[in-house]
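Here is the structure we will look at.
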Number of protein chains: 2
Amino acid sequence: MSRILIVEDDERIRSSMRLALEEEGYDVDDVGNGEDAVTLFGAEPYELVLIDLMLPGIDGFETCRVIRRQSTVPVIMVTARSDTHDVVAGLEAGADDYVTKPFVAKELAARIRALLRRSRHDGEGSAVLSFGDVVIEPEAGVVRRAGVEVHCTRTEFRLLCELANHPGKVLSREQLLERVWGYDYFGDGRLVDVHVRRLRTKVEPDPALPRFILTVRGMGYKLAV
Amino acid sequence: MSRILIVEDDERIRSSMRLALEEEGYDVDDVGNGEDAVTLFGAEPYELVLIDLMLPGIDGFETCRVIRRQSTVPVIMVTARSDTHDVVAGLEAGADDYVTKPFVAKELAARIRALLRRSRHDGEGSAVLSFGDVVIEPEAGVVRRAGVEVHCTRTEFRLLCELANHPGKVLSREQLLERVWGYDYFGDGRLVDVHVRRLRTKVEPDPALPRFILTVRGMGYKLAV
DNA sequence: GCGGTCGTGTCATGATCGGGTCATGAGTCG
DNA sequence: CGACTCATGACCCGATCATGACACGACCGC
């Protein structure tokens with residue numbers, strides 16, 4: 001299961017957290033201060049880090065910042081201070097969530113699951129692409145809209161994936177021709193238009209007024225973010 | 001800025017949330033029940049969804065699940081019920097975060113930022129140009145002024161990028177013609193003036209008294225540092 | 001082999017939008 | 001005061017794109 005690092009100076013809280021998480025099936029390490037946390041984090045792979053705010057030496061904010069500088073690992077701040085200012089500061093320091101003590105083990109576990117779910121998901125090789133109510137499963141070669149499968153041809157599917165892989169970025173016709181049709185393709189750039197149109201009829205709520213597959217005049221096409 | 005969908009039945013809370021988020025620069029839509037939420041979500045692109053737990057018709061959990069079945073969009077539950085059981089249920093339903101009312105706007109905004117930060121796996125890599133309250137995203141082909149998108153044509157966009165790439169440096173008409181229009185362009189240098197003017201109407205606070213795109217008499221144009 | 005279907009690329013048409021030119025006026029400098 | 005430079009607004013043509021129709025070939029069942 002996932003490896004989790006706990007950074008907490010209070011011995012009792014630390015071991016109770018550790019127990020609770022091991023109960024959930026996680027592989028847990030724990031340290032009592034920020035320096036050790038940074039050292040250990042550099043030496044071992046962790047999938048998530050829990051940091052207490054009040055630490056001897058460098059505090060939780062700073063520890064979080066240092067870790068964030070070298071990694072995008074999910075970080076949860078676990079602390080007694082529930083002041084809005086602290087919450088905001090913690091999140092701005094790079095934490096993904098902020099839980100106040102006394103916390104309930106079940107809730108912390110749920111938040112950890114939610115965070116791991118997301119971080120795995122938007123990690124590389126995300127199995128699923130989506131926009132609006134459209135879901136694309138590149139592996140399965142399936143496109144669904146509002147749950148129902150939409151049949152796409154091979155070219156349409158590749159084109160859709162190419163757009164969905166770069167949401168918000170404008171892709172020129174040349175780029176699309178190269179990536180969807182192949183490096184050696186010498187054809188009319190208008191060809192892209194036709195396939196975009198066909199895609200729109202299958203994927204857009206109103207193909208006449210596209211909301212997702214947008215044309216950027218003179219530049220190409222892009223998927224709305 | 002990012003588009004956010006609010007799902008909340010209480011009219012007052014809804015509008016106050018909306019205001020608070022618009023204050024932060026987000027582009028906000030809101031609906032009063034789960035059905036409308038799902039419908040709108042399928043028809044418009046959103047980057048994040050806020051869902052209240054207590055909704056008429058299908059409740060917040062179910063709304064979250066339906067959306068989650070169709071998309072990996074970040075979801076935050078915002079609700080009055082702070083029971084651990086509800087928190088866990090919300091997160092298990094697919095929510096990424098769970099905020100209890102009464103909430104502080106600053107904290108909600110910070111949590112939204114944290115979530116968007118993580119969900120944008122790509123956004124950070126792209127370079128961004130800016131001056132004053134204008135932000136240019138070359139990859140996305142987007143120009144924003146004070147957060148709101150300003151439509152620029154292809155030539156305007158290229159010209160603006162060219163200027164923004166050399167802030168403080170005077171660029172002659174010949175240089176601009178060469179770099180924006182192409183090496184072989186033989187046309188009137190006045191052409192640049194016209195496009196500068198068009199840019200100014202879109203980007204300058206007062207186009208008659210330019211503060212950013214400055215004319216250097218006899219030499220060309222430059223972007224103010 | 002034969003006819004049908006399906007996917008793909010090409011073409012013609014029409015609407016829209018963007019870009020280049022021009023005439024005019026204001027501002028600036030010698 | 002001219003001469004030059006730039007700003008402004010209007011205008012027209014051509015580029016660009018959406019759309020629908022169609023031709024060609026691959027694939028498949030018969």
How many Å lie between CG on A:D188 and P on D:dA15, as a whole number?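 In whole Å, D:dA15 P lies 14 Å from A:D188 CG.
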For [X] and [N], is the shortest distance between a side-chain N/O and OP1 or OP2 below 4.0 Å?
X: A:T153; N: C:dC6; answer: no
X: B:H195; N: C:dG18; answer: no
X: A:W181; N: C:dT8; answer: no

Is there any side chain to side chain donor-acceptor pair (under 3.5 Å) pair reaching into residues 208-225 of chain A, and which pairs are they, with sequence neighbours excluded? A:R173-A:Y221, A:D193-A:Y221, A:R211-B:E44
Mind checking whether [X] and [Y] have side chains closer than 4.5 Å, heavy atoms only?
X: B:V31; Y: B:D29; answer: no
X: B:E47; Y: B:Y26; answer: no
X: B:E178; Y: B:S172; answer: no
X: A:V49; Y: A:T63; answer: no
X: B:I112; Y: B:L50; answer: yes

Check whether more than 12 heavy atoms from other residues, nucleotides or ligands sit under 6.0 Å from atom NE2 of A:H85, and answer yes or no.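 Atom NE2 in A:H85 is not packed in, count stays at 12 or less.
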Check the orientation of B:W181 and B:H195. Use parallel for under 30°, tilted for 30 to 60°, and perpendicular for over 60°.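 Plane angle over 60°, so perpendicular.
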Output one letter per nucleotide in nucleotides 2-12 of chain D: B when a protein non-hydrogen atom lies under 4.0 Å from the base, S when only the sugar-phosphate is that close, - when neither is. --BBBSBBB--
What residues 154-164 of chain A contributes to the DNA chain C interface at heavy-atom separation below 4.0 Å is A:R154, A:T155
